[in-house]
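Single-structure report; data block below.
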Amino acid sequence: MPVVDVDPEELRTLAGAEDKSDEELKSDLFALGLEFEGETDDGEFELEFAPDRLDRLSVEGIARSLRYQYGHDRGVYIPDTNDAEWAIEVDESVPDERPYVTGAIVRGLDLDERRLESLIQLQEKLHATMGRDRAKGAIGVHDLAMLKGGSPGNDTENNGPQKTITYRGVDPDGDRFVPLDDDADRTPAEVLETHPVGETYGDLVTDLDRYPAIYDDIGLFSFPPVINGKRTEVDEGSRDLLIEMTGTDQWTIDRMLTIVCYALDARGGQIEAVDVRYPDGTVRRPDLSTDTKRLEHERIETTLGVDLAGTEVIDLLERAGLDAEPEGEPGRDETSRADAVDTDVEIESVPKRTGSPDTAPGGSTDAPAGTDEGPVYEVEIPPYRVDVLHPMDLIDDVGRAHGFNDLEPRYPDVSTVGGRHEGSRLEDAARDALVGLGFEDLLNFHLTSEAELFDRMSLSPDDDTLGGLEPPTITEPYSEAYTVVRTWALPSLLSVLENNTHRAYPQDLAEIGLVAAVDESEPTGVAEHRSVAGVLARTDASYEDAKARVAAIARAFGVELETPPTDHPSFVAGRTAEIVLDGEPVGVIGELHPRVLVERDLELPVAAFEFRLEGLAD
């Protein structure tokens, strides 16, 4: 989970909470979903939160949420944006692998050391999350005073001159520039070879024929996604900034830019638009347009288990930084309106907001479109809320604004007698058996990467063996370390061994957990099952040791075990067998191959097994 370091005094100032004690502040933060993890040596709060609310990756974003929680702010806020005086020209030489760019100007900032550190932290946290370690999106922040715009172009909207910078491709051994934390002119290729940052992020561009680069009228000043130039370095004397972002997806970098712009707006900066001129058209950025979603009143009450008046729902949504109003349906009279809307929902008294950036008509004079269960709200979502994908996300906002701790528990309307599922009973019994055999029970992540599942196990997804299946893929992962659902559990146990080479041996580890694979015959397209896996890491670990444990488990569950010889790329040939329980092949057992052990820096033998939990059922 992302962890953000926040100065509590600065947070109080920005949130208008000067009278809050540390404990009160921690409690309010917890109500927002931010967990206090400790303090740095400088006394800053270390706050951990789920990676959905990326607008809270900075003290400014956290303070914004607290201001809404305290009632200091309400509804959607859109910063004022000045007309574009600068443009980014996108040349056709830009590498196809990184074709998109966006940008904004922020003027009138008063940066001190603390504010500059906050901006740098936000930049790096966005790189690590939305930017996927800069692979999908990379941020460059520059001192605008050090840039010289190219020859003025035409502002297609206002027909005025604009200063321009150019995003284009550069030969690896082409133009030279001085990178940050360096004193020598270097070509992009030399940066990758000699600069520490170049060595870290060089893999993102080394396979490209031409590298991404941004130029002003003086020359190259940014080498995305690797490093900025020293000439435009931002320091405490910088007042006007250029924020540019490049990446593989326009939506991602536009949303990253929005989050940065809101943070700098909170510091008193004036946002100024930038025109991005692609060969096929011009777009104006930052994109501060709002989104809307429909939210049913009945669904809110059913999910939260509380009765809410319509005015209260709208009030709670506004306190969450959203705007809402009953969805209108023109041409309906008051009689039909009364029939359609639950009379317990006080839609009529919803106040009309003033001074807000709503694009939809305010107030409640229009007849609301309702269902048999109640009205439907049209909710306006600010541009920095990249997490709102579903109406349930809005219900979570309503619940947090109401206060989850204020929800009163009540008995369900349907009386049932609970009981443990047979599958759960079987899993618990198998876990008890493993612990009784001396294994330490683990719970690992179900998400991992293809490299962990296959490359580091000398396995291919095309292999007709345990683990050799097509894994379900996460469409938009937040980290390259968690891109697929695991197809077998042994790689997870080996990762634990790899991270614990400093611990004493023997290490006998086991896990019963979920594994999955793509299966078009399933209604969901994915087949899932529970898998039992174990490893024995010790100087004398052997096939016989692993088989003895599996045999003991089979006897405990009254199933017949057979172990015919088999081959598996992850195991030593001739020291590997198939696990057959009551005549059904369910897994594999053996000694892990030395190349698998070397890949994970393990210096002693490891015997292992894995089989389907259902093989133990009667």
Side-chain angles (χ1 to χ4, degrees), residues 2-3 51 54 57 88 90 93-103 116-117 119-142 165 167-215 219-234 242-250 252-257 259-260 449-452 455 476-483:
V3 175
L54 299 180
L57 285 172
I88 302 176
V90 182
S93 63
V94 168
D96 292 338
E97 294 81 0
R98 204 172 188 88
Y100 300 108
V101 65
T102 191
L116 187 55
E117 288 177 353
L119 175 58
I120 293 171
Q121 177 178 233
L122 175 59
Q123 179 182 9
E124 292 308 313
K125 295 297 183 181
L126 284 173
H127 279 159
T129 51
M130 286 189 79
R132 296 191 204 170
D133 288 331
R134 306 192 188 186
K136 194 172 184 179
I139 307 167
V141 182
H142 309 272
I165 58 177
Y167 179 45
R168 63 182 180 88
V170 62
D171 291 332
D173 295 315
D175 296 324
R176 311 178 76 86
F177 75 113
V178 180
L180 285 172
D181 300 322
D182 204 343
D183 295 315
D185 273 342
R186 303 191 187 278
T187 65
E190 289 172 347
V191 171
L192 302 188
E193 294 171 0
T194 63
H195 199 288
V197 177
E199 294 174 1
T200 302
Y201 297 103
D203 290 344
L204 298 175
V205 297
T206 48
D207 294 335
L208 306 182
D209 295 332
R210 292 173 66 82
Y211 295 166
I214 304 179
Y215 290 74
L220 193 160
F221 70 88
S222 181
F223 175 24
V226 180
I227 196 168
N228 294 336
K230 189 171 185 177
R231 169 164 61 94
T232 61
E233 182 177 5
V234 175
L242 165 70
I243 299 104
E244 47 82 4
M245 302 188 189
T246 64
T248 60
D249 178 72
Q250 186 75 56
T252 297
I253 59 176
D254 282 342
R255 298 285 77 76
M256 291 169 68
L257 176 65
I259 291 171
V260 173
S449 66
E450 292 193 56
E452 291 289 330
D455 298 343
E476 294 290 341
Y478 278 105
S479 169
E480 291 183 350
Y482 306 105
T483 58

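Position 1 is the first residue of the sequence; numbering continues from there.
Atom OG1 in Thr246 sits 4.0 Å away from atom CZ in Arg98 (nearest 0.5 Å). Atom CD of Glu480 sits about 6.0 Å away from atom CG of Asp133, to the nearest 0.5 Å. With rounding to the nearest 0.5 angstrom, the OG1 atom of Thr232 is 9.5 Å from the CD1 atom of Ile214. Leu126 contributes atom CG, which lies 6.5 Å from atom CG of Leu54 (distance to the nearest 0.5 angstrom). In this structure, the separation between CG on Leu122 and CG on Leu57 is 6.5 Å, given to the nearest 0.5 Å. The distance from the OH atom of Tyr100 to the OG1 atom of Thr248 is 8.5 Å, given to the nearest 0.5 Å.
Between His195 and Arg186 the shortest side-chain heavy-atom distance does not fall below 4.5 Å. A 4.5 Å side-chain heavy-atom check between Met245 and Val260 finds at least one atom pair inside the cut-off. Leu257 places none of its side-chain heavy atoms less than 4.5 Å from the side chain of Ile253. Within the 4.5 Å cutoff, side-chain heavy atoms of Pro477 are placed close to those of Arg132. Counting heavy atoms from C-beta on, the side chains of Pro212 and Val205 come closer than 4.5 Å. Side-chain contact check for Val191 versus Phe177: some heavy-atom pair is nearer than 4.5 Å. Side-chain contact check for Arg134 versus Glu124: some heavy-atom pair is nearer than 4.5 Å. When side chains are defined from C-beta on, Thr102 does not count as touching Met256, because their heavy atoms never get closer than 4.5 Å.
Heavy-atom minimum distance, Glu244 versus Ser222: OE2-OG, 2.9 Å. Between Gln250 and Val101 the shortest heavy-atom distance is NE2-O, 3.4 Å. Among all heavy-atom pairs drawn from Gly169 and Ser93, the shortest one is N-OG, 3.1 Å. Annotation for Leu180 and Gly229: closest pair CD2-O, 3.9 Å, computed over non-hydrogen atoms. Closest approach of Thr187 to Gly174, counting heavy atoms only: CG2-O, 3.5 Å. For the residue pair Pro224 and Tyr167, the shortest heavy atom distance occurs at CG-CE1, 4.3 Å.
Note on residues 224-233: pairs passing salt bridge (Lys or Arg N to Asp or Glu O under 4.0 Å), not counting sequence neighbours, are Asp183-Lys230, Asp216-Arg231. Within the structure, side-chain hydrogen bond (donor to acceptor under 3.5 Å, both in side chains) pairs that include any residue of residues 197-214 comprise Asp171-Arg210 (at least two apart or interchain).
A salt bridge links Arg176 with Glu190: at least one charged nitrogen is closer than 4.0 Å to a carboxylate oxygen. Using a cutoff of 4.0 Å between basic side-chain nitrogens and carboxylate oxygens, Arg168 and Asp175 are scored as salt-bridged.
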Side chain to side chain contact (heavy atoms under 4.5 Å, CB included) assessment of Phe223 paired with Leu192: CA-CA 11 Å; Phe223 175 24; Leu192 302 188; 3.9 Å; yes
